[in-house]
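Each chain gets a letter, A, B and so on, in the order the sequences are listed, and its residues count up from 1. Here the structure is a predicted model, which is why all the values come from computation and not from measurement.
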Amino acid sequence: MSVTTVTDLPAGPAVPAAAPALRGRLSLPLSLLLVAPLVLLLAWAFFLPIGRLLLTSVTEPTLTLTNYRRLITQPLYAEVILRTVWISFACTAAALLLGYPVAALMARPGRVVPKIAAVCVMVPLWTSVLVRSYAWIILLDRKGVINTLLVQSGVIAKPLTMLYTDGAVLMAMTHVLLPFMILPIYSSLRSLPVDLPRAAANLGAGRVRVFFAVTLPLSLPGVFAGCLLVFVMALGFYVTPALLGGPQTLMIATLIGQQATELLDWPFAGAISCVLLVLSLGMVITFKRLLRLDRVVAHD
Amino acid sequence: MTLSRRTVLLAPAFIAATSLASAARADELESTVVIRTTGGVFEAALKRDFFEPFTKATGVRVIPVAASAGEMLAKSRAMQESGRVEWDIISPQYDDLPNLAPLLMDLGDCTSIPNISRDGVPGTCGRWGELYLTGAELLAFNPQAFPQRKPSSWNDFYDVEVFPGRRALSNTGVPWGMLIQALCADGVPREALFPLDLDRAFRKLDTIKPHISVWWRTGDQSQALMRSGDVVMQTMWLGRAYASRRAGVPIEWTFNQSVADFGAWAILKGAPHPNAAKAFLNFYMENPEAHTAFAREMGYTTSSRDGQALLSPEDKEGLVATPETFAKIIHIDPAWLAANRAPALERWNRWLAA
């Protein structure tokens, strides 16, 4: 039943029905040949240098765990890692709350409104992170747009301090990462057979019940993918906290940068990077587990 | 074109011949020289006052490469480790030269760069580099906020009763100046500053932390804070303070207890164009008028004695251009920095984020 409806839908970014069609058509050697250039490029330009950097964290000056001992014994690093995880988590939650309705709007039938929503999501994505972060400075500054408006309209007497705070970083990071939340959710909502909510409504479910019993559970793969993308990207964020953050907003990427460029201690930078990498991979694996669980629930 | 057996056999002989020829002309200038700059208006001024005249005089083309201070050091080290040095001249902090010695060409007493002894201010020859730029990290303030008595040292910055108002310090990952200033404000005489008493410095910093409204991250931001009247006093780089004054912002500064922000030209070990690089270091000290023009535009004086002498009395007073001003500026001890950089920065990060 669901297969026929899926093919009736206009093609979304990732229509699941297309995948089985292609699968098995290419021979294994041909598939390998096709991915070989990318694998070689990644191996040479990405995995090799990163592997070397991470390796120096245990091999320099001699075979040692000193760098990791320093990470554990110096309270700074645990504190900053915790703060990074906390900010990333808050950012993910905010992006989910703000992003889901937008994705739902984009996935609605109709032509004009979804198109406008899609443009509003995509255009910022094509703008440099640096530009978007600077735009926030113009908005949040003590003499910036928001403060000027509020003071002139008499809402507040003295300008608020909004820039160089955790809140500013959180807001700007959420803004920058929002498309990575919206697009996967949109994709899973788009491939949702329209018959299912309709059938639920037919059987007497109200709009709220339809959403929580049918639409939301079936869009969970997109939600998880979006959360994973946003969280992992937020963990390594560098530019936005550096531009908008206050003294408290010290994130792990800033410390890695400091070790690599200010102190030239690459083995230690490698050690911090390794922790960040393990943290990110841990998140990916956890989310994958959750995702599989969800599939079982949804299909059986 | 096909490669014949003959060509292949002849190739090594040809290479040997050309390398012999280049060895015979060991001091001949190469056709280009690669110089690291900070980009932007600074690079434009360097081009106009030094790079283009150098090309005109010698025929050597200057290729400027923009990089931040951190990128510069990281890339210099990476180039040396990989054995493929692509830059000739970098511009690190003058006071850090001894710590960067493994990366840099040893100029000895600079006899190979004769113009240094002819026109350089004392100390221009820094063994691993040539002093090129003289600025300071100093106390800048808005004179309109202090009609009765102006702040004149870091003691006054720390005195929030007598000198009330919003203040800023910097958060650029380079806290040395602020540590030194805190100790000065706590009454440590300048001869007794090193080794820095970090416990004492942080105790003093604790007292001012609640009164710091902004921790600026870039020089541009420090200028914006003065322009908007957002703060009444702050730590600032001289070039930024000078640029604010030129733009008509009410601002004054003092060299009391200021910390050196001196830049050096240094040649990388294994630089691809060593002769042209040395020739540039020599040419840099050639023309005093170029130095005056550069200083007037950038707010950084340079190491040219005659160039400083040509400045107006007002500029001489506001810039690092007189022996009296030079004497006021505090230099960081490179040996202390080398031994304490990492733990002190760790402590600073933690203190700041707490």
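Between V174(B) and E262(A) there is a side-chain heavy-atom pair separated by less than 4.5 Å.
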- request: Step by step, work out the side-chain contact (heavy atoms from CB on, under 4.5 Å) result for W266(A) and E81(B).
  value: CA-CA 12 Å; W266(A) 295 356; E81(B) 279 188 359; 3.9 Å; yes
Criterion side-chain contact (heavy atoms from CB on, under 4.5 Å) on W215(B) and Q248(A), from CA distance to verdict: CA-CA 10 Å; W215(B) 296 86; Q248(A) 278 90 26; over 6 Å; no
field: Intermediate values then yes/no, side-chain contact (heavy atoms from CB on, under 4.5 Å), E346(B) and R70(A)
entry: CA-CA 11 Å; E346(B) 243 161 28; R70(A) 183 168 152 207; 2.9 Å; yes
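One distance of note links CG of L243(A) with CD of Q221(B); it measures 9.0 Å at 0.5 Å rounding.
Looking only at heavy-atom pairs under 4.5 Å with chain A, the residue among R347(B), M72(B), R166(B) that has the most is R166(B). Counting heavy-atom pairs under 4.5 Å between each of I137(A), V80(A), L250(A) and chain B puts L250(A) at the top. Per-residue counts of heavy-atom pairs under 4.5 Å with chain B were compared for L263(A), L255(A), D141(A), D265(A); the largest is that of L263(A).
With a threshold of 4.5 angstrom between heavy atoms, I212(B) does not approach chain A through any atom at all. In this structure, chain B has heavy atoms under 4.5 Å from both the backbone and the side chain of P75(A). For a residue to count as touching a neighbouring chain, one of its non-hydrogen atoms must lie under 4.5 Å from one of that chain's; by this rule A354(B) touches chain A with the backbone only. With a threshold of 4.5 angstrom between heavy atoms, R217(B) approaches chain A through side-chain atoms but not through N, CA, C or O. Both the backbone and the side chain of A78(B) come within contact range of chain A, judged by heavy atoms closer than 4.5 Å. Only the side chain of N171(B) has a heavy atom closer than 4.5 Å to any heavy atom of chain A.
Nearest heavy atoms, L352(B) versus P247(A): CG-CB, 3.4 Å. In terms of heavy-atom proximity, L264(A) sits nearest to R77(B) at O-NH1, 2.5 Å. Nearest heavy-atom pair, A74(B) versus A260(A), reported as atom, atom and distance to 0.1 Å: CB-O, 3.9 Å.
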